[in-house]
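Written below as C-alpha cells is the structure these notes are about.
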Amino acid sequence: MTRILPGVIAMAAVVVASNILVQFLFGQWLTWGAFTYPIAFLVTDVMNRVYGVSAARRVVLTGFAVGVACSLIGTQIMGEFGPLVTLRIAVGSGLAFLMAQLLDIAIFDRLRAAAWWRAPLASTLIGSSLDTLVFFTVAFSSALVFLEPGNDVSWANEVLPLLGLGPAAPLWVSLALADWMVKLTLALVALVPFRVVVRKLSPNLA
C-alpha cells in the first residue's frame with residue numbers, strides 16, 4: 001500500500017478539489033471542476049502503467065470512497081436552491097466515476113504492450129466519454145425524473161440552441177458536450193505529464 005500512497009493521495013485530492021470547484025462557473029457552459037476532474041484519469045493511468053491493474057483499482061476505489069463522502073457532505077449543505085448535492089447528482093457522480101475509471105483500467109491493460117501513448121490516450125478518451133454520458137444523463141435527463149421525483153430538473157431540460165449556436169437541445173446536453181470537449185482536450189495534454197511521471201517512477205517502462 002505504501003508504494004501507491006502518492007497515487008491514493010493524488011486521487012483523493014483531485015476528487016475533493018473537483019467537488020469544491022464544480023460549484024463555481026467558468027463561462028456559460030462549464031465549471032472550474034471540469035478542468036480538475038480529468039486529472040483522475042491521469043492518476044489512474046500512471047498507477048496502471050507503473051504498478052499494474054490491481055494497484056490502479058485500489059486507487060480508484062479510494063477515489064470513489066472519497067467522492068461518496070464528499071457527496072454526503074454536500075447533501076447537508078444548503079445552497080440558494082436547496083442542497084448543493086442532490087440524490088441524482090450523487091448517484092450520477094459516483095456511478096460515472098466508478099464505471100469510467102474501471103473501464104479506463106481495462107482498456108489500458110489491453111493496450112499495455114502497444115506504443116506508450118496508445119493505452120493512456122485510448123483508455124482516457126473512452127473512459128471520459130462514458131463518464132460524461134453517465135453523469136449528465138443520470139443527474140439531469142427528464143427521462144430519469146423517477147430517480148428523485150422531488151428534485152426539479154426542469155431548468156436543465158430547457159430547450160436552447162446547442163452551446164448557444166447549434167440545433168435546439170436540452171440545456172444539460174450543451175453542458176455535457178462542453179464538459180466532454182474539455183475532457184478530450186485534456187486527454188491529449190495529459191500525455192506529456194504521463195510520460196514524464198512514468199519515466200521518473202519507472203524508467204524501464206518509459
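Index from 1, following the sequence.
The two residues A190 and L42 have their closest heavy-atom pair at O-CD1, 3.8 Å. Here the shortest heavy-atom pairing between P203 and K200 reads CD-O, 4.3 Å. When all heavy atoms of I4 and A55 are compared, the pair lying nearest together is CG2-CB, 3.7 Å. Between F97 and A40, the shortest heavy-atom distance links the atoms CE1-CB, 4.3 Å. Nearest approach of T132 to A176, heavy atoms of both residues: CG2-O, 3.3 Å. Across all their heavy atoms, S93 and F135 have their closest contact at N-CD1, 3.4 Å.
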Do R57 and N48 pass the side-chain hydrogen bond (donor to acceptor under 3.5 Å, both in side chains) test, and can you show the C-alpha distance, the side-chain angles, and the key distance before you say yes or no?
-> CA-CA 8 Å; R57 284 177 180 155; N48 202 343; over 6 Å; no
Check step by step if side-chain contact (heavy atoms from CB on, under 4.5 Å) holds for L87 and N151.
-> CA-CA 8 Å; L87 175 63; N151 177 21; over 6 Å; no
Checking side-chain contact (heavy atoms from CB on, under 4.5 Å) for the pair V22/W32: CA distance, chi angles, key distance, verdict?
-> CA-CA 6 Å; V22 76; W32 283 101; over 6 Å; no
Step-by-step side-chain contact (heavy atoms from CB on, under 4.5 Å) determination, L30 to L25 = CA-CA 6 Å; L30 295 165; L25 293 175; over 6 Å; no
Going through the distances and angles, do V66 and M11 end up as a side-chain contact (heavy atoms from CB on, under 4.5 Å)?
-> CA-CA 9 Å; V66 171; M11 181 65 81; over 6 Å; no
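Between the OG1 atom in T124 and the CZ atom in F108 there is a gap of 8.5 Å [rounded to 0.5 Å]. A distance of 9.0 Å separates CH2 in W117 from CG in L191, rounded to the nearest 0.5 Å. Atoms CZ and CG, from F136 and L177 in turn, are 10.0 Å apart once rounded to the nearest 0.5 Å. To the nearest 0.5 Å, atoms CZ (F194) and CG (L121) are separated by 10.5 Å. Summarising the geometry, atom CG belonging to L98 is positioned 11.0 Å from atom CG belonging to D131; distances are rounded to the nearest 0.5 Å. Taken from OG in S154 to CG in L171, the straight-line distance is 11.0 Å, to the nearest 0.5 Å.
L61 and V8 end up in the same hydrophobic cluster when Ile, Leu, Val, Met, Phe, Trp and Tyr side chains are linked at under 4.5 Å. Put simply, L111 and L125 are part of two different groups of oily side chains (I, L, V, M, F, W, Y) that touch within less than 4.5 Å, one to the next. Under a hydrophobic-cluster definition in which Ile, Leu, Val, Met, Phe, Trp and Tyr are linked whenever side-chain heavy atoms come within less than 4.5 Å, directly or via other members, V134 and F64 are assigned to different clusters. Cluster membership for L188 and V43, using ILVMFWY side-chain heavy atoms within less than 4.5 angstrom, is shared. At a threshold of 4.5 Å between side-chain heavy atoms, the hydrophobic network of Ile, Leu, Val, Met, Phe, Trp and Tyr places L186 and W29 in one connected group.
Side-chain N or O atoms of R88 include one that pairs as donor or acceptor with a backbone N or O of V138 at under 3.5 Å.
Within the 4.5 Å cutoff, the side chain of V173 has heavy atoms near those of the P170 side chain. Side-chain contact between L184 and S129: present, with at least one pair of heavy atoms (C-beta onward) separated by less than 4.5 Å. Within the 4.5 Å cutoff, the side chain of T31 has no heavy atoms near those of the Q23 side chain. Proximity of M181 to L163: side-chain heavy atoms (C-beta onward) are separated by under 4.5 Å at one or more points. By the 4.5 Å heavy-atom criterion applied to side chains, V16 and C70 are counted as neighbours. Considering only heavy atoms from C-beta on, S71 stays 4.5 Å or farther from I89 through its side chain. Two residues are said to be in side-chain contact when any heavy atoms from C-beta on lie closer than 4.5 Å; L130 and Q101 fail this criterion.
Residue pairs meeting the ring pair (Phe, Tyr, Trp, His ring centres under 6.0 Å) criterion with at least one member in residues 146-188, sequence neighbours excluded, are F140-W155.
Using a 4.0 Å cut-off between charged nitrogen and carboxylate oxygen, D45 and R49 do not count as a salt-bridge pair.
None of D179, L165, L162 except one satisfies the side chain to side chain contact (heavy atoms under 4.5 Å, CB included) rule with S174; the exception is L162.
Residues satisfying the side chain to side chain donor-acceptor pair (under 3.5 Å) criterion with T36, sequence neighbours excluded, are S18.
Figure legend: R195 and W116 shown as a cation-pi pair, the cationic atom lying under 6.0 angstrom from the six-membered ring centre and within 45 degrees of its axis.
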